Protein chains: 2
Amino acid sequence: MGGLLTEVRMSDIGDIADPLSLENQVCFALAVASRSVIGLYRPVLEPMGLTHPQYLVMLALWQRAPLSVKDLSRLLQLEPATLSPLLKRLEAAGLIERRRSRADERSLAVTLTGEGRALREQAEKIPAAIVERLGMDVAELQGLHQALTRVIAAAGGARPG
Amino acid sequence: MGGLLTEVRMSDIGDIADPLSLENQVCFALAVASRSVIGLYRPVLEPMGLTHPQYLVMLALWQRAPLSVKDLSRLLQLEPATLSPLLKRLEAAGLIERRRSRADERSLAVTLTGEGRALREQAEKIPAAIVERLGMDVAELQGLHQALTRVIAAAGGARPG
DNA sequence: CACTAACAGTTAGTGGACTAATGATTAATG
DNA sequence: CATTAATCATTAGTCCACTAACTGTTAGTG
């Protein structure tokens, strides 16, 4: 009695096994990791006049413009109600244009302006800059990306239920 | 000529190599995974009257109440300015109490009410319910958790720069 | 002791993200 | 063909999350 076992405090044992312990929550780790990594983008994106969600929209448009709000919603896994004001801000910044599709007046055709297209050049430096700031192995990042992709699939996209 | 190679479209090759491709962004996968998983919590937490960030605060308090705003900020990696209104909502819901610390009048002592403590029983069912909804291997989730922890460390917590 | 620094928390302002409800257009159906 | 249903986008309302500026308290320094 009074051996090494007594050195292990009950509170520590509880933390390790407790399913309600903060450190054991994958959802918490996901939220913190997401905010932390997005935080790395902030100083890089701010000079470009972009927030991170706006940057993602620009990525989608640089790849496949023109896109409708519905298209962007599906690609970015965001609600149209989230995109609507965001796109207005991008339009106010002069990076995109929003007009109704002639084929279907319900649909909005989001296109890039010359300024919006030109911004791509600056953006091309971003991924390498972020990876350097992170200081992580590219292979490890790829592994993480795959794990995240599986979680997204398991959770059913961004769709609840 | 006209063999299998011609079946590979240039647009696909571009997507694979393009550092600005949406699908290649770890930050995008992180954001979508975070929102997707948190979305799974919504139907479970709503009957308890909690949002996901509020749930995380309750986890911290169930573990180590009383805590100051500063403590919660450090534990949850959230700005005090984010927590301040959130804590007021939890107080309005009758789950916590906020009073100034007698030892240091600057500090706020956040404690649980009886109702707040009682809510833990319902919460104990949540982790298993979420894992079941996700339908993922526990070992894989642990691996993901470790990978996320490394990213958080690499990004320097939630701190920008 | 007075004066300045540092610290803890709050407020104000911007922007994201969701749900629910609305308006407008197109598609489907009796 | 007229009515109904489905679709696309927007608005309103709530809550998170951040930065910057502010209040009040404590600690440090001349």
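Note that this is a predicted model, so its numbers are computed, not measured.
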Would you kindly give the [atom1]-to-[atom2] distance between [X] and [N], to the nearest whole Å?
X     : N      : atom1 : atom2 : result
A/E46 : D/dA20 : CD    : C1'   : 12 Å
B/I38 : D/dA17 : CD1   : C1'   : 12 Å
A/R42 : D/dA17 : CZ    : P     : 12 Å
A/L45 : D/dC18 : CG    : P     : 16 Å
B/L90 : D/dC15 : CG    : C1'   : 12 Å
A/E79 : D/dC8  : CD    : P     : 13 Å
B/L76 : D/dC16 : CG    : P     : 12 Å
A/Q77 : C/dC18 : CD    : C1'   : 14 Å

Between [X] and [Y] (side chain of the first, backbone of the second, donor and acceptor by atom type, cut-off under 3.5 Å), is there such a pair?
X      : Y      : value
B/Q122 : B/M48  : no
A/S34  : A/L30  : no
B/Q25  : B/P19  : yes
B/S68  : B/A109 : no
B/T149 : B/H145 : yes

Counting only side-chain heavy atoms from C-beta out, which of [options] sits nearest to [X]?
X      : options                : result
A/E105 : C/dT26, C/dG16, D/dC16 : C/dT26
B/L78  : D/dA17, D/dC15, C/dC18 : D/dA17
B/A81  : D/dA17, C/dT11, C/dG15 : C/dT11
B/L86  : D/dC16, D/dT11, C/dA12 : D/dC16
A/T82  : D/dA17, C/dT11, C/dG16 : C/dG16

### Query
Where each pair must be Watson-Crick or G-U wobble with both distances under 3.5 Å, what dot-bracket representation of DNA chain D is obtained, with crossing pairs in [ ] and other-strand partners as |?
|||||||||||||||||||||||||.||||
### Task
Specify the residue among A/A31 and A/L87 whose closest nucleotide of DNA chain D lies further upstream toward the 5′ end.
A/L87
### Query
Do A/L50 and A/Y41 have side-chain heavy atoms sitting under 4.5 Å apart?
no
### Message
Check for me, please, whether A/V32 and B/I38 land in the same ILVMFWY cluster - side-chain distances under 4.5 Å, paths through other members count.
### Response
no
### Residue pairs fulfilling side chain to side chain donor-acceptor pair (under 3.5 Å) with at least one residue in residues 108-120 of chain B, sequence neighbours excluded
A/D18-B/R120, B/R120-B/E124
### Task
At under 4.0 Å between heavy atoms, which parts of nucleotides 1-8 of chain C does protein reach? Answer with one letter per nucleotide, 5' to 3': B base, S sugar-phosphate only, - none.
-----BBS
#### Entry: Spacing of CG belonging to B/L95 relative to CE belonging to B/M58, to within rounding of 0.5 Å
4.5 Å
### Syn-anti status, with the boundary at 90° from 0, for the nucleotide D/dA5
anti
Return no unless some side-chain N or O of [X] is found under 4.0 Å from OP1 or OP2 of [N].
X     : N      : value
B/R35 : C/dC18 : yes
B/Q54 : D/dC16 : yes
A/R98 : D/dT10 : yes
A/K88 : D/dA9  : no

### Task
Describe the nucleic acid contact of A/P53 in one word from base, sugar-phosphate, nothing, applying a heavy-atom distance below 4.0 Å.
sugar-phosphate
### Minimum heavy-atom distance between A/A60 and A/L67, given as atom pair plus value
O-CD1, 3.7 Å
